[in-house]
Peer 1: 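Following this message is one structure expressed as structure tokens.
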Amino acid sequence: MEPVGGPEEESFDAEAPLSREEERERIEIELLLEGIFRMYGYDFRNYAYPSIRRRIWHRVNAWRLGSISALQEKVLHDARSMESLLSSLIINVTEMYRDPELFLAFRKLVVPVLRTYPFIRIWHAGCSTGEEVLSMAILLHEEGLYDKARIYATDISEEVLNRAREAVFPLRKMQDYTRNYLLAGGTGGFSEYYAVKNEEVHFHRFLLDNVVFAQHNLVTDQSFNEFNVIFCRNVLIYFNKTLQDQVHRLFYESLSPLGILALGTRESINFSHHADDYEALDSREKLYRKIR
């Protein structure tokens with residue numbers, strides 16, 4: 001994720017004493033996030049401070065406002081402005097078979113176990129625009145497991161969920177997606193899973209037959225089922241330690257015995273309160289199994 005306006009993140013030092021201006025800025029940000037939570041129910045109060053600060057300044061600059069307090073006034077009085085701000089506060093960076101080595105490890109280490117289950121529940125938390133969900137659907141289809149699987153795809157944003165439900169992506173991305181698919185151990189022809197229409201690709205609808213899309217907030221919502229597999233990749237890096245532990249507890253409570261947790265490349269179960277409750281199936285690819 002690249003800096004997007006406002007003071008540079010690299011200049012922020014959590015241990016250094018704050019200047020008067022920095023203290024004012026922190027107060028404004030805390031008041032803004034508290035107001036968003038109380039008015040709209042979105043809780044960004046425990047997101048990593050440098051990251052949330054940078055994204056707030058991006059919206060302040062985009063709207064040519066004079067201060068963060070002016071942003072607070074705008075979004076608290078206009079729900080449509082809040083929806084626009086939400087798109088800045090939420091990071092949606094994804095692609096099909098992102099980090100293909102993880103999906104290859106999943107095929108080798110997890111799929112043989114899933115074959116022994118009568119029914120499979122998989123949760124993609126923070127699914128964004130759905131590329132990872134489609135990747136899993138294709139993988140399960142090729143392994144003969146899709147018909148006995150249910151994939152739950154959740155995100156905080158209804159807007160990105162609507163895009164995920166469409167399963168339509170730019171044609172220009174297919175070269176990279178095809179390469180990822182092959183590196184992830186794909187066994188068919190990737191182009192067989194979609195049709196091209198006017199510089200867009202429309203993935204075949206059967207891939208979404210067993211997918212349930214739903215809005216879910218990892219910060220405020222509870223577990224809603226028991227899962228054999230949970231994917232939550234490149235989401236926890238935007239949370240502070242307190243919130244990371246809260247989400248790890250949610251995942252632990254949501255996983256069935258011997259359930260699988262897949263995290264992002266910059267994330268780990270280590271140093272969380274549940275670190276001893278998992279074993280690493282593949283520590284490099286951040287693939288863990290619940291053991292207690």
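Position 1 is the first residue of the sequence, and the numbers go up from there.
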Peer 1: Side chain to side chain contact (heavy atoms under 4.5 Å, CB included) between Met136 and Ile151: does it pass, once the steps are laid out?
Peer 2: CA-CA 9 Å; Met136 179 60 70; Ile151 300 174; 4.0 Å; yes

Peer 1: Which atom pair, heavy atoms only, marks the closest approach of Ser88 to Arg55?
Peer 2: O-CD, 3.0 Å

Peer 1: Can you check whether Phe169 reaches Met174 side chain to side chain, under 4.5 Å on heavy atoms?
Peer 2: yes

Peer 1: Under 4.5 Å between side-chain heavy atoms, hopping through other hydrophobics if needed: is there a path connecting Met96 to Leu171?
Peer 2: yes

Peer 1: Minimum heavy-atom separation for Leu207 to Ala137, with atom names?
Peer 2: O-CB, 3.4 Å

Peer 1: For this output row, return yes or no: ring centroids of His274 and Phe251 closer than 6.0 angstrom.
Peer 2: no

Peer 1: If every non-hydrogen atom of Tyr238 is compared with every non-hydrogen atom of Ser51, which pair is closest and at what distance?
Peer 2: CD2-OG, 3.6 Å

Peer 1: Answer yes or no: is there a donor N or O on one side and an acceptor on the other, between the side chain of Ser272 and the main chain of Ile269, under 3.5 Å?
Peer 2: yes

Peer 1: Would Tyr288 end up clustered with Val111 when hydrophobic side chains under 4.5 Å apart are linked, directly or stepwise?
Peer 2: no

Peer 1: State, to 0.1 Å, how close Cys232 and Leu218 come at their nearest heavy-atom pair, and which atoms those are.
Peer 2: SG-CD1, 4.1 Å

Peer 1: Can you check whether Glu131 reaches Tyr177 side chain to side chain, under 4.5 Å on heavy atoms?
Peer 2: yes

Peer 1: Check residues 97-109 and write down every donor-acceptor pair under 3.5 Å in which the side-chain atom is one partner and the other belongs to a residue at least two apart or another chain.
Peer 2:
residue, atom, partner, partner atom, Å
Tyr97, OH, Ser135, O, 2.8
Arg98, NH1, Val93, O, 2.9
Asp99, OD2, Arg233, NH2, 2.6
Arg107, NE, Ala184, O, 3.1
Arg107, NE, Gly185, O, 3.4
Arg107, NH1, Glu143, OE2, 2.8
Arg107, NH2, Glu142, OE1, 2.7

Peer 1: Testing the 3.5 Å rule here: is there a donor-acceptor pair between the side chains of Glu25 and Trp57?
Peer 2: yes

Peer 1: Got a salt bridge between Glu200 and Lys197, using NZ or NE/NH1/NH2 to carboxylate O under 4.0 Å?
Peer 2: no

Peer 1: Would you find a donor on one side and an acceptor on the other, under 3.5 Å apart, between the side chain of Lys290 and the backbone of Tyr252?
Peer 2: yes

Peer 1: Take Glu21 and Arg26 through the test salt bridge (charged side-chain N to carboxylate O under 4.0 Å, His left out) and record every step on the way to the result.
Peer 2: CA-CA 9 Å; Glu21 187 61 33; Arg26 181 178 282 273; over 6 Å; no

Peer 1: Got a salt bridge between Glu95 and Lys173, using NZ or NE/NH1/NH2 to carboxylate O under 4.0 Å?
Peer 2: no

Peer 1: Could you check whether Asp245 pairs with Lys241 (Lys NZ or Arg NE/NH1/NH2 to Asp/Glu carboxylate O, under 4.0 Å)?
Peer 2: yes

Peer 1: Assess whether atom NE2 of His202 is packed by more than 12 heavy atoms of other residues, nucleotides or ligands within 6.0 Å.
Peer 2: yes

Peer 1: Please examine the side chains of Tyr152 and Cys127, heavy atoms only from C-beta on, and report whether any two atoms are closer than 4.5 Å.
Peer 2: no

Peer 1: Any luck finding a side-chain donor-acceptor pair between Thr154 and Trp123 under 3.5 Å?
Peer 2: yes

Peer 1: Flag yes if Val212 and Ile230 sit in one hydrophobic cluster, no otherwise; membership is Ile, Leu, Val, Met, Phe, Trp, Tyr, and two members link when side-chain heavy atoms are under 4.5 Å apart.
Peer 2: yes

Peer 1: Does the side chain to side chain contact (heavy atoms under 4.5 Å, CB included) test come out yes or no for Ser84 and Trp63, once each step is laid out?
Peer 2: CA-CA 11 Å; Ser84 296; Trp63 282 341; 3.6 Å; yes

Peer 1: What side-chain donor-acceptor pairs closer than 3.5 Å can you find for residues 65-75, not counting sequence neighbours?
Peer 2:
residue, atom, partner, partner atom, Å
Ser67, OG, Ser69, N, 3.4
Ser67, OG, Ala70, N, 3.1
Ser69, OG, Glu28, OE2, 2.6
Gln72, OE1, Leu32, N, 3.3

Peer 1: Around atom CZ of Phe271, are there more than 12 heavy atoms from other residues, nucleotides or ligands closer than 6.0 Å?
Peer 2: no

Peer 1: Go through it in stages, so that I can follow the logic: the residues are His216 and Ile156, the test is side chain to side chain contact (heavy atoms under 4.5 Å, CB included), and I'd like the CA-CA distance, side-chain angles, deciding distance and then a yes or no.
Peer 2: CA-CA 5 Å; His216 182 274; Ile156 190 176; over 6 Å; no

Peer 1: In plain terms, say whether Asp282 and Arg284 are close enough for a salt bridge, that is, a side-chain N and a carboxylate O under 4.0 Å apart.
Peer 2: no

Peer 1: Would you name the heavy atoms of Ala153 and Leu161 that are closest together and state the gap between them?
Peer 2: O-CD2, 3.9 Å

Peer 1: Between Tyr193 and His204, is the ring centroid distance below 6.0 Å?
Peer 2: no

Peer 1: Determine whether a donor-acceptor pair (N or O, by modelled atom type, separation under 3.5 Å) exists between the side chain of Asn240 and the backbone of Ala48.
Peer 2: no

Peer 1: How far apart are the closest heavy atoms of Phe37 and Arg45, and which atoms are they?
Peer 2: CE2-NH2, 3.2 Å

Peer 1: Is there a donor-acceptor pair closer than 3.5 Å between any side-chain N or O of Lys148 and the backbone N or O of Tyr117?
Peer 2: yes

Peer 1: Any side-chain heavy-atom pair from Tyr42 and Val219 closer than 4.5 angstrom?
Peer 2: no

Peer 1: Please step through side chain to side chain contact (heavy atoms under 4.5 Å, CB included) for the pair Leu208 and Phe213, ending with a clear verdict.
Peer 2: CA-CA 9 Å; Leu208 299 182; Phe213 291 100; 4.1 Å; yes

Peer 1: Is a side-chain donor-acceptor pair under 3.5 Å present for Arg163 with Thr129?
Peer 2: no

Peer 1: Side chains of Leu114 and Val229: closer than 4.5 Å at any heavy-atom pair?
Peer 2: yes

Peer 1: Verify the ring-centre separation between Tyr181 and Phe190: is it less than 6.0 angstrom?
Peer 2: yes

Peer 1: Is the shortest side-chain heavy-atom distance between Glu267 and Leu236 below 4.5 Å?
Peer 2: yes

Peer 1: Hey, does Ile36 have a side-chain heavy atom less than 4.5 Å from the side chain of Met82?
Peer 2: yes

Peer 1: Let me see the working for Phe224 and Phe227 under ring pair (Phe, Tyr, Trp, His ring centres under 6.0 Å), right down to the final yes or no.
Peer 2: CA-CA 9 Å; Phe224 58 93; Phe227 300 96; 5.2 Å; yes

Peer 1: Taking the side chain as everything from C-beta on, heavy atoms only, tell me whether Leu243 gets closer than 4.5 Å to Tyr47.
Peer 2: yes

Peer 1: Backbone N or O of Ser254 within a donor-acceptor pair of the Glu226 side chain at under 3.5 Å?
Peer 2: no

Peer 1: Please tell me whether Val110 and Ile138 are part of a single hydrophobic cluster in this structure, the criterion being side-chain heavy atoms less than 4.5 Å apart.
Peer 2: yes

Peer 1: For Tyr146 and Asn210, indicate whether the former's side chain and the latter's backbone hold a donor-acceptor pair under 3.5 Å.
Peer 2: yes

Peer 1: Whether the side chain of Asp155 engages the backbone of Ser128 through a donor-acceptor N/O pair (distance < 3.5 Å, no angle test) should be reported.
Peer 2: yes

